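Structure record follows, encoded as structure tokens.
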Amino acid sequence: DAGVIQSPRHEVTEMGQEVTLRCKPISGHNSLFWYRQTMMRGLELLIYFNNNVPIDDSGMPEDRFSAKMPNASFSTLKIQPSEPRDSAVYFCASRRQGSYNEQFFGPGTRLTVL
Amino acid sequence: AQTVTQSQPEMSVQEAETVTLSCTYDTSESDYYLFWYKQPPSRQMILVIRQEAYKQQNATENRFSVNFQKAAKSFSLKISDSQLGDAAMYFCAYGAGNMLTFGGGTRLMVKP
């Protein structure tokens with residue numbers, strides 16, 4: 001089992017540019033979560049999907065952020081246009097429904113917006 | 001809304017000794033799960049231990065054990081025989097339904 005895969009691991013971009021973060025959940029997991037981690041705010045849930053359908057996006061900070069899950073094995077988080085305050089580590093996690101509610105995390109993407 | 005509080009921003013322990021990290025939570029649910037996650041400098045979030053709220057017996061995983069006090073809504077993590085590799089951020093998390101709520105974390109330092 002390869003675990004949750006995220007790409008890229010590091011991203012440095014300039015303010016105003018579009019950023020796309022990618023996630024492949026563990027095979028057989030049907031819930032997927034996007035988190036953001038910063039020193040100031042800790043670990044925040046941005047959005048989660050069940051069976052590829054967005055269930056709760058109340059954590060998405062503003063319209064510049066969007067997330068998609070076109071199929072069970074792939075999800076993207078897009079920021080357009082990016083701003084310096086978006087600099088953070090973004091985690092993707094997945095979970096198998098009916099399990100103990102535990103989530104398995106990817107290695108994260110460290111985003112720096114200059 | 002559920003909240004999770006870790007009152008110790010930093011803790012320090014001597015190698016081979018025992019340390020306890022505290023966590024309290026607030027909920028009106030009766031059926032839920034509690035977790036401790038470890039985040040080393042690599043930043044990977046690693047599940048350390050899990051506790052089902054309906055179980056009275058405290059969970060253990062090798063050197064890691066919990067003290068679950070449901071009435072007090074307390075869920076502490078005990079690390080025995082601390083090792084240098086235990087140095088990390090530790091996050092307590094509450095889970096009910098699909099979502100997890102995380103505490104602010106405790107940074108554990110291990111002194112050789």
Side-chain angles (χ1 to χ4, degrees), chain A residues 1-6 8-10 23 25-26 29-59 69 87-112, chain B residues 1-10 23 25 27 29-55 57-61 64 66 68 75 77 88-107:
Chain A
D1 192 343
V4 176
I5 299 172
Q6 290 187 249
R9 293 293 306 277
H10 304 272
C23 175
I26 294 172
H29 284 197
N30 52 5
S31 296
L32 183 140
F33 306 80
W34 282 101
Y35 291 90
R36 179 172 67 177
Q37 186 179 37
T38 61
M39 288 292 292
M40 291 295 294
R41 300 175 67 92
L43 201 59
E44 303 173 275
L45 177 66
L46 300 177
I47 186 171
Y48 81 92
F49 297 82
N50 268 359
N51 296 316
N52 313 338
V53 176
I55 302 300
D56 185 345
D57 66 354
S58 59
M69 192 165 185
S87 298
V89 179
Y90 291 81
F91 287 100
C92 175
S94 71
R95 168 181 168 257
R96 179 174 56 84
Q97 201 160 7
S99 67
Y100 294 104
N101 195 258
E102 62 202 48
Q103 296 177 15
F104 295 85
F105 282 75
T109 295
R110 181 177 292 279
L111 174 64
T112 302
Chain B
Q2 289 82 15
T3 58
V4 178
T5 302
Q6 295 179 246
S7 59
Q8 306 151 316
E10 283 190 359
C23 173
Y25 58 95
T27 184
E29 303 284 342
S30 59
D31 189 17
Y32 52 88
Y33 297 89
L34 296 163
F35 306 90
W36 280 97
Y37 281 86
K38 171 185 178 182
Q39 187 178 38
S42 68
R43 74 171 181 256
Q44 176 78 53
M45 293 284 284
I46 302 164
L47 179 66
V48 174
I49 198 164
R50 173 188 68 232
Q51 174 79 43
E52 294 93 329
Y54 64 86
K55 288 189 177 179
Q57 186 173 6
N58 289 323
T60 62
E61 286 286 343
F64 298 87
V66 300
F68 174 47
F75 182 60
L77 175 70
M89 284 288 290
Y90 286 82
F91 292 93
C92 177
Y94 163 97
N98 287 315
M99 294 166 59
L100 292 180
T101 302
F102 287 87
T106 296
R107 181 174 300 280

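Every chain is numbered from 1, with letters handed out A, B, ... down the list of sequences. Please read all numbers here as calculations on a predicted model, not as lab measurements.
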For chain A, which of B/A93, B/S42, B/G105, B/G95 has the most heavy-atom pairs under 4.5 Å?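 Among B/A93, B/S42, B/G105, B/G95, the one with the most close pairs to chain A is B/G95.
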Largest heavy-atom contact set with chain A, pairs under 4.5 Å, which of B/R50, B/E52, B/M99, B/Q44: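 Option with the top pair count is B/R50.
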Once salt bridge (charged side-chain N to carboxylate O under 4.0 Å, His left out) is applied, what residue pairs with a partner in residues 31-48 of chain B remain, sequence neighbours excluded?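 Those involving residues 31-48 of chain B do not exist here.
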Region of A/R41 that comes under 4.5 Å of a non-hydrogen atom in chain B: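 Neither part; nothing is under 4.5 Å.
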Return the minimal non-hydrogen interatomic distance between B/V48 and B/Y37, and the atom names on each side.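 Heavy atoms of B/V48 and B/Y37 come nearest at CG2-C, 4.1 Å.
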What pair of heavy atoms forms the shortest contact from B/Y90 to B/L77, and how long is it?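 What the structure gives for the nearest pair is CD2-CD2, 3.9 Å.
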Please flag which part of B/Q51 lies under 4.5 Å from any non-hydrogen atom of chain A: side chain, backbone, both or neither.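 Looking at B/Q51, nothing touches chain A.
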Under a 4.5 Å heavy-atom cut-off, does chain A meet the side chain of B/L100, its backbone, both or neither?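 Both the backbone and the side chain of B/L100 come within 4.5 Å of chain A.
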Identify, with sequence neighbours excluded, every residue that meets salt bridge (Lys or Arg N to Asp or Glu O under 4.0 Å) alongside A/R36.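 A/E44.
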Any donor-acceptor pair under 3.5 Å linking the side-chain atoms of B/T27 with those of B/Y94?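 The answer is yes; a qualifying pair exists.
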